[in-house]
Amino acid sequence: MFLVRQLDVNKSFILKNAFIFSRLRKSQKNLIARKSQVVNYKKGDLIYRQGDPPDAFYCVISGRVKISRTHDNKEEVLEFLTCGMYFGIISLLTTQTHSVSAEALNDSLLLKIKKDDFDFILKKIPDLVIQLSATLSQQIRKKDFRQDAAKSHIISIYSAVKGIGRTMYSINLAISLKKETKKKAIFVQISRSGQDMQDILNIGEPLSLKNTLLQKDSVNKFIIRNSDLGIDFLNISSGTEESAVINNTGFILSLLTEEYKYVIVDLPIEKTGMVLKVLAQSDAIHLITDYGLDNLRLTRELMADLFKKVEYPQEKIKVIVNEKKDSRKIPQEEIIRILDRGISANLPVFWQAAEKISKDSAKIVLTDPNCEYAKAIRRISRQIGNMLVGLALGSGAAFGLAHIGVLKVLERENIPVDVVAGTSIGALIGALWAGGNSADEIEKIMMEFNKDKSKVFRLLFDFNLSKASLMEGKRLTEFLKKHLGDKTFYNVKLPLKIVACDLYRREKVVWSAGDLADAVRSSVAIPGIFKPVKSQDGLIVDGGILEPLPIDTLVDSGVKKIIAVNVLPGPQDIQEGYKIYKSKLERERSDVQNNNFIIKIIYSMKLLFRNIFFPNIFDIMVKSILSMEYAIAKESCKNANIVINPIIPGTEWYEFFKTDALIKKGETDTQEILPKIKALIEN
């Protein structure tokens with residue numbers, strides 16, 4: 001009896017509210033009601049397949065339907081349909097087989113009119129033909145808009161135990177998604193009583209899932225809109241486990257996808273039919289855990305249980321590890337071993353991060369957006385919104401000190417960076433920054449060499465008789481260990497990619513796990529100059545050989561907004577630098593002519609020294625490599641949104657003692673292009 005009443009209500013609802021039916025007379029709607037039926041499709045069900053004969057007219061009551069076609073064995077998604085949208089009509093009118101496939105993205109209710117009944121209705125209701133013509137043209141004009149608008153995401157937040165920061169993560173994720181993507185988001189709180197978050201978030205009386213006749217209007221009455229947090233709220237009480245509760249859960253989620261781009265559902269830890277229903281309807285599941293060994297094991301057991309009970313792509317389940325204030329960090333390898341899968345994100349330590357949520361912690365992404373916890377949430381939001389910001393720091397030896405100036409501006413202006421990729425000197429600066437050092441702290445480290453040529457040469461030039469290189473590179477390794485310590489990629493504050501090159505295979509190596517110092521050491525191993533790094537079955541050298549500006553590495557990581565810093569001087573920079581050099585020589589000669597004999601002797605010795613040692617094998621090798629890298633980097637820049645070129649003509653690749661000037665150049669050039677950077681981030 002309940003099912004019949006529910007179907008009748010849904011039929012009346014769509015005939016009243018769908019644009020195609022809304023202008024028809026009551027008698028005409030009654031005819032359609034008699035000749036139609038309400039059908040239920042489960043998530044993933046095919047309504048019809050490309051090539052099938054036309055069978056019926058369909059109109060979406062609730063849920064989402066994907067329209068796609070297959071070409072050359074590849075699926076092309078054409079559009080997403082929600083409440084009030086219809087499909088199958090063109091095949092009916094042309095009597096041709098379906099040119100597309102229709103699939104239920106969620107549990108969906110559809111109004112279905114079989115072919116013969118539809119033909120009869122068209123003869124009896126000429127007005128419907130006019131409505132079809134009008135709405136078909138509208139659908140074609142709005143196709144691109146609808147495809148974007150209907151790609152809503154249901155993200156369920158779940159955990160194996162209480163007190164693990166699940167709700168704090170859920171609410172801040174919803175707020176951040178709205179803020180970062182500018183798309184509508186709703187936070188859905190589900191609990192037995194509906195009282196869990198009522199006072200803290202002021203989310204109003206709960207909507208009971210026991211209501212046997214839920215409709216769109218009745219659900220909308222419980223949604224708290226225009227909150228000061230920028231998102232909407234829906235408080236739901238599940239009550240006892242009944243079939244009506246389970247059915248209503250799917251119905252509510254389908255309704256929400258019609259209006260909201262992001263539906264964030266905070267689920268209770270119980271494994272009821274209602275919870276499993278929500279998980280099955282979700283586009284992604286975020287499992288929250290922490291570093292407790294028992295909690296990690298419980299999370300693993302939960303995942304194993306879900307894989308048995310919910311038909312769900314395992315790759316869409318993301319594990320989020322929440323740090324507690326006094327938690328003991330265990331190695332990432334151990335966590336992965338226990339969970340039997342990788343970690344999607346780490347949430348840095350924050351006060352009350354894994355305790356009961358409060359009015360303050362519920363909006364930390366708004367009140368303290370630059371704390372590490374908020375930054376992590378914002379990064380996850382931009383990843384979900386397909387709008388990650390990446391920073392590519394290129395190779396270039398001493399020229400790369402300009403990267404520090406770029407970082408100083410990005411920090412000062414609070415420009416978000418979600419992924420850093422570095423090659424050679426860019427790998428070093430990127431590793432120091434991602435490893436937790438501020439730009440000012442990195443500047444302090446490198447200023448040790450400012451105006452001190454002897455320190456630079458002691459660091460770089462430790463000669464050896466190795467057949468593989470002119471320099472041993474031990475001092476460089478000691479420098480890396482001193483400033484990077486034992487940090488691994490697991491310890492970094494934002495995702496880091498370090499690019500190197502495997503000489504044996506002539507292929508790019510992208511480090512994203514293991515020891516930071518070892519990865520950087522391999523990326524700065526200039527062929528022939530510094531000793532290459534041996535891997536298990538390879539020989540790893542400077543990544544600039546294949547990718548001097550790691551833009552493609554960011555693209556491969558799903559980054560959509562790329563800021564690239566190309567410090568490699570081009571031909572014009574080299575020519576200008578040569579002119580500066582010649583002009584400097586002329587001034588020196590002129591000055592010497594007006595000085596005494598001793599000064600002339602000193603100048604002659606200086607010229608002799610310069611002629612003996614320059615050009616030398618080091619200079620020739622490095623400049624040759626940098627010339628090649630410039631050509632590669634120039635082509636790569638086409639794939640970046642913004643390219644910064646902080647070049648000081650006349651500077652040499654080994655002049656790390658010009659630290660101050662190079663950093664200031666990076667800072668100045670970034671400041672000049674800052675409006676474009678901000679426009680990129682905001683759009």
Side-chain angles (χ1 to χ4, degrees), residues 318 332-333 336 342-346 375-376 379-380 382-383 386-396 400 403-404 406-407 410 415-437 439 442 480 483-484 487-502 505 507-525 533 535 538 540-568 629 632-633 635-637 639-644:
K318 311 295 183 183
Q332 185 179 27
E333 296 76 13
I336 294 173
I343 301 167
S344 297
N346 289 289
K375 285 181 179 179
R379 191 174 302 122
I380 294 169
R382 287 191 291 272
Q383 184 174 33
N386 202 25
M387 52 191 300
L388 286 173
V389 179
L391 179 64
L393 302 178
S395 62
H403 291 318
I404 302 171
V406 175
L407 297 179
L410 296 182
I415 302 298
V417 174
D418 301 309
V419 185
V420 177
T423 301
S424 196
I425 182 66
L428 169 60
I429 303 301
L432 288 169
W433 196 52
N437 295 283
I442 300 172
L480 295 175
H483 295 290
L484 292 173
K487 288 182 180 177
T488 68
F489 283 85
Y490 183 48
N491 304 125
V492 296
K493 292 190 175 182
L494 71 161
L496 172 68
K497 311 287 182 181
I498 289 180
V499 177
C501 171
D502 187 331
R505 295 176 175 80
E507 64 183 18
K508 180 172 69 174
V509 176
V510 180
W511 299 107
S512 59
D515 186 85
L516 276 185
D518 289 346
V520 173
R521 175 63 181 83
S522 70
S523 186
V524 300
V533 176
S535 65
I540 314 300
V541 297
D542 192 324
I545 300 300
L546 294 180
E547 194 178 32
L549 192 55
I551 294 171
D552 288 344
T553 294
L554 291 176
V555 172
D556 294 341
S557 300
V559 177
K560 299 300 180 183
K561 301 180 179 184
I562 297 176
I563 302 168
V565 188
N566 184 11
V567 298
L568 293 164
E629 290 182 356
I632 300 173
E635 186 65 24
S636 295
C637 285
N639 295 322
N641 301 94
I642 291 174
V643 179
I644 306 171

Minimum side-chain heavy-atom gap Val389-Val559 below 4.5 Å: no
Taking the side chain as C-beta and beyond, is there a heavy-atom pair between Asn346 and Tyr490 under 4.5 Å? yes
Side-chain donor-acceptor pairs of residues 424-432 under 3.5 Å, sequence neighbours excluded:
from: Ser424; atom 1: OG; to: Asp542; atom 2: OD2; distance (Å): 3.1

Is any side-chain heavy atom of Val567 closer than 4.5 Å to one of His403? yes
Partner residues of Thr488 under the side chain to side chain donor-acceptor pair (under 3.5 Å) criterion, sequence neighbours left out: Asn491
Is it the case that the side chain of Lys487 and the backbone of Gly435 share a donor-acceptor pair, with hydrogens and angles ignored and the cut-off at 3.5 Å? yes
Can you give me the closest heavy-atom contact between Ser522 and Ala500, atom names plus distance? OG-CB, 3.8 Å
Report yes if some heavy atom in the side chain of Val419 is under 4.5 Å from a heavy atom in the side chain of Leu391; otherwise report no. no
pair Val533-Asp518: side-chain heavy atoms closer than 4.5 Å: no
How close do Val541 and Ala525 get, counting heavy atoms only, and between which atoms? CB-O, 3.5 Å
So, for Ile498 and Ser523, which heavy atoms are closest and what is the spacing to 0.1 Å? CG2-CB, 3.7 Å
Pro416 side chain reached by Lys375 side chain, heavy atoms, under 4.5 Å: no
Interatomic spacing from CH2 in Trp511 to CZ in Arg521 - rounded to 0.5 Å: 12.5 Å
Between Gly390 and Leu554, the two heavy atoms sitting closest are C-CD1, 3.8 Å
If you compare all heavy atoms of Ala564 against all heavy atoms of Ile551, which two are closest, and at what distance to 0.1 Å? CB-CD1, 3.7 Å
Under the side chain to side chain donor-acceptor pair (under 3.5 Å) test, which residues partner Lys508, sequence neighbours left out? Glu547, Thr553
Do Asp418 and Pro495 touch side chain to side chain, with heavy atoms closer than 4.5 Å? no
Applying side-chain contact (heavy atoms from CB on, under 4.5 Å), can you list everything that pairs with Ser344, at least two apart in sequence or on another chain? Lys318, Ile320
Take Cys637 and Leu549, measure what side chain to side chain contact (heavy atoms under 4.5 Å, CB included) needs, and give me the verdict at the end. CA-CA 8 Å; Cys637 285; Leu549 192 55; 3.5 Å; yes
Go through it in stages, so that I can follow the logic: the residues are Leu516 and Val492, the test is side chain to side chain contact (heavy atoms under 4.5 Å, CB included), and I'd like the CA-CA distance, side-chain angles, deciding distance and then a yes or no. CA-CA 9 Å; Leu516 276 185; Val492 296; 3.9 Å; yes
Set out, in order, the CA-CA distance, both residues' side-chain angles and the distance that settles side chain to side chain contact (heavy atoms under 4.5 Å, CB included) for Val417 and Leu410, then state yes or no. CA-CA 8 Å; Val417 174; Leu410 296 182; 4.2 Å; yes
Please identify each residue that fulfils side-chain contact (heavy atoms from CB on, under 4.5 Å) with Asp502, with sequence neighbours left out. Tyr504, Arg505, Glu507, Val509, Ile540
Can you confirm whether Ile562 sits close enough to Asn639 that some side-chain heavy atom of one is under 4.5 Å from a side-chain heavy atom of the other? no
Measuring from Asn566:CG to Ile644:CD1, what's the distance to the nearest 0.5 Å? 10.5 Å
Give me the atom names and distance for the closest heavy-atom approach of Asn437 to His483. ND2-O, 4.5 Å
Test side chain to side chain donor-acceptor pair (under 3.5 Å) applied to Thr423 - qualifying residues, sequence neighbours left out: none
